[in-house]
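In what follows, every heavy atom counts, from backbone to side chain, and hydrogens, waters and symmetry copies are set aside. For this chain, numbers begin at 1 and follow the sequence in order.
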Amino acid sequence: MKPQIVKQDNSITNARYDFTACQLDILFCVMGQIHDNDANDRIYVIYAREIEILTGRQWQYTQFKEATENMGSRMFVIETESKYRQFWLFQHVDYIKGQGRIEIMFTRNAINMLKELKNNFTTYELQSALSMSSKFAKRIYQICSQWKDIGETKRFEIRELKMNLGLIDTKGNEQFTGIGMFKSRVLD
């Protein structure tokens with residue numbers, strides 16, 4: 001069976017955002033459903049049970065409810081030389097009570113960054129991304145996949161990588177300040 005490939009604009013790959021592992025699993029699964037010819041207002045549906053089967057992990061349904069409550073409010077930040085672009089991926093995220101069903105509608109700008117990509121995009125295997133349990137491993141996999149696609153390597157300053165992983169906020173507050181803690185909690 002051919003692996004399912006997720007494709008996303010590099011601006012999403014490089015954006016700063018902080019999702020939990022559960023939120024990333026939901027995001028990856030729904031992004032795996034996107035096709036170039038989808039209507040911009042399509043509502044994507046993913047079931048909690050599907051995510052459990054794909055990841056091999058048991059999630060409490062309350063974790064999915066909490067994850068979806070917070071997903072819509074999470075801001076993505078793209079920094080260029082001239083500006084900070086702040087955007088939200090979701091028009092709405094609904095967790096349907098008692099059904100384990102999650103319905104997601106992307107914003108118009110976000111759906112354009114997720115479909116009909118001709119250049120400047122990242123691809124990665126859905127199953128590989130889902131098999132990782134740590135939110136940091138999932139994000140690092142996305143970032144590394146970007147460079148794999150263009151056949152180059154990329155060196156990151158630790159501060160730059162921490163910013164991409166959401167470990168340094170816009171005010172400069174930093175998590176895992178010691179290199180040993182960063183290595184054991186994030187890289188290992």
Side-chain angles (χ1 to χ4, degrees), residues 3-9 11-35 38-78 85-115 122 124-143 145 162-170 173 175-176 185-186:
Q4 186 174 357
I5 301 296
V6 175
K7 184 168 72 169
Q8 67 190 35
D9 191 282
S11 60
I12 293 176
T13 304
N14 296 323
R16 288 191 311 245
Y17 61 96
D18 184 23
F19 271 21
T20 66
C22 184
Q23 290 169 331
L24 286 170
D25 286 346
I26 293 167
L27 178 63
F28 294 160
C29 285
V30 76
M31 286 172 51
Q33 296 180 9
I34 296 172
H35 301 290
D38 289 351
N40 284 352
D41 61 351
R42 177 178 169 191
I43 295 175
Y44 295 89
V45 177
I46 188 79
Y47 289 88
R49 184 70 186 130
E50 283 179 61
I51 296 171
E52 289 180 332
I53 290 168
L54 289 168
T55 63
R57 285 189 302 282
Q58 287 292 125
W59 294 99
Q60 298 296 320
Y61 287 117
T62 55
Q63 289 175 290
F64 285 114
K65 180 183 166 286
E66 291 169 5
T68 57
E69 283 175 358
N70 294 318
M71 285 177 76
S73 66
R74 297 288 171 101
M75 180 177 55
F76 284 62
V77 178
I78 300 170
R85 166 160 282 167
Q86 300 158 354
F87 68 99
W88 293 260
L89 282 184
F90 310 108
Q91 184 72 29
H92 66 80
V93 179
D94 296 328
Y95 178 81
I96 309 304
K97 295 178 185 177
Q99 297 181 24
R101 187 173 82 225
I102 300 163
E103 297 178 352
I104 294 177
M105 183 175 172
F106 290 96
T107 63
R108 183 179 49 85
N109 288 337
I111 198 66
N112 290 333
M113 287 189 274
L114 295 168
K115 66 179 200 170
T122 301
Y124 53 91
E125 289 184 18
L126 177 61
Q127 191 58 50
S128 294
L130 292 173
S131 69
M132 298 172 194
S133 58
S134 152
K135 70 179 186 176
F136 301 122
K138 291 173 186 293
R139 287 286 289 135
I140 290 170
Y141 175 68
Q142 285 181 306
I143 293 166
S145 292
K162 282 183 171 184
M163 289 182 75
N164 282 356
L165 297 175
L167 295 172
I168 300 176
D169 66 20
T170 55
N173 299 318
Q175 296 179 45
F176 311 128
R185 297 276 179 100
V186 177

Does any N or O in the side chain of [X] come within less than 3.5 Å of the main-chain N or O of [Y], such that one atom is a donor and the other an acceptor?
| X | Y | answer |
| --- | --- | --- |
| Q33 | Y44 | no |
| K115 | H35 | no |
| Q91 | R108 | no |
| K135 | Q23 | no |

Applying salt bridge (charged side-chain N to carboxylate O under 4.0 Å, His left out), can you list everything that pairs with [X], at least two apart in sequence or on another chain?
| X | value |
| --- | --- |
| E50 | none |
| R74 | none |
| R57 | D25 |

Between [atom1] of [X] and [atom2] of [Y], what distance do you get to the nearest 0.5 Å?
| X | Y | atom1 | atom2 | answer |
| --- | --- | --- | --- | --- |
| Q127 | T55 | CD | OG1 | 8.5 Å |
| M31 | I104 | CE | CD1 | 10.5 Å |
| M105 | N40 | CE | CG | 8.5 Å |
| N14 | Q8 | CG | CD | 9.0 Å |
| S131 | K138 | OG | NZ | 7.0 Å |
| C22 | M71 | SG | CE | 8.5 Å |

*Take Y95 and V93 through the test side-chain contact (heavy atoms from CB on, under 4.5 Å) and record every step on the way to the result.*
CA-CA 7 Å; Y95 178 81; V93 179; over 6 Å; no
Heavy atoms only: give me the nearest [X]-[Y] pair and the separation to one decimal.
| X | Y | result |
| --- | --- | --- |
| I12 | M113 | CD1-CB, 3.8 Å |
| K162 | F176 | NZ-O, 2.7 Å |
| A21 | S134 | CB-C, 4.5 Å |
| Q86 | W88 | O-CZ3, 3.8 Å |
| L165 | I143 | CD2-CD1, 4.4 Å |
| A110 | L89 | CB-O, 3.4 Å |

*Please assess F90 against L27 for the test side-chain contact (heavy atoms from CB on, under 4.5 Å), listing each intermediate value before the final yes or no.*
CA-CA 10 Å; F90 310 108; L27 178 63; 3.9 Å; yes
_Quick test of your reading: applying salt bridge (charged side-chain N to carboxylate O under 4.0 Å, His left out), list the pairs with at least one residue in residues 88-102, sequence neighbours left out, ordered by first then second residue._
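Counting only pairs at least two positions apart or across chains, the salt bridge (charged side-chain N to carboxylate O under 4.0 Å, His left out) contacts touching residues 88-102 are R101-E103.
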*Go through the structure and list residues passing ring-ring contact (aromatic ring centres under 6.0 Å, His included) with Y17, not counting sequence neighbours.*
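Y17: ring-ring contact (aromatic ring centres under 6.0 Å, His included) contacts with F19, F76.
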Any side-chain heavy atom of [X] within less than 4.5 Å of one from [Y]?
| X | Y | value |
| --- | --- | --- |
| R16 | N164 | yes |
| F28 | L54 | no |
| I5 | E125 | yes |

*Begin with the C-alpha distance, continue with both residues' side-chain angles, and end with the deciding distance and a verdict on side-chain contact (heavy atoms from CB on, under 4.5 Å) for I34 and I111.*
CA-CA 9 Å; I34 296 172; I111 198 66; 4.2 Å; yes
*Can you list the residues that meet the side-chain contact (heavy atoms from CB on, under 4.5 Å) rule with R49, with sequence neighbours excluded?*
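With neighbours one apart ignored, the set is E52, I53, Q58, Y61.
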_Can you confirm whether Q60 is buried at CD, in the sense that more than 12 heavy atoms of other residues, nucleotides or ligands lie under 6.0 Å from that atom?_
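It does not: Q60 CD has 12 such atoms or fewer within range.
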*Between the side chains of Y124 and Q142, does any donor sit under 3.5 Å from an acceptor?*
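Short answer, yes.
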*asked:* I'd like to know if the side chain of N109 pairs up with that of T107 as donor and acceptor (distance under 3.5 Å, no hydrogens or angles considered).
replied: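 Their side chains do not contain a donor-acceptor pair, so the 3.5 Å distance test is not met.
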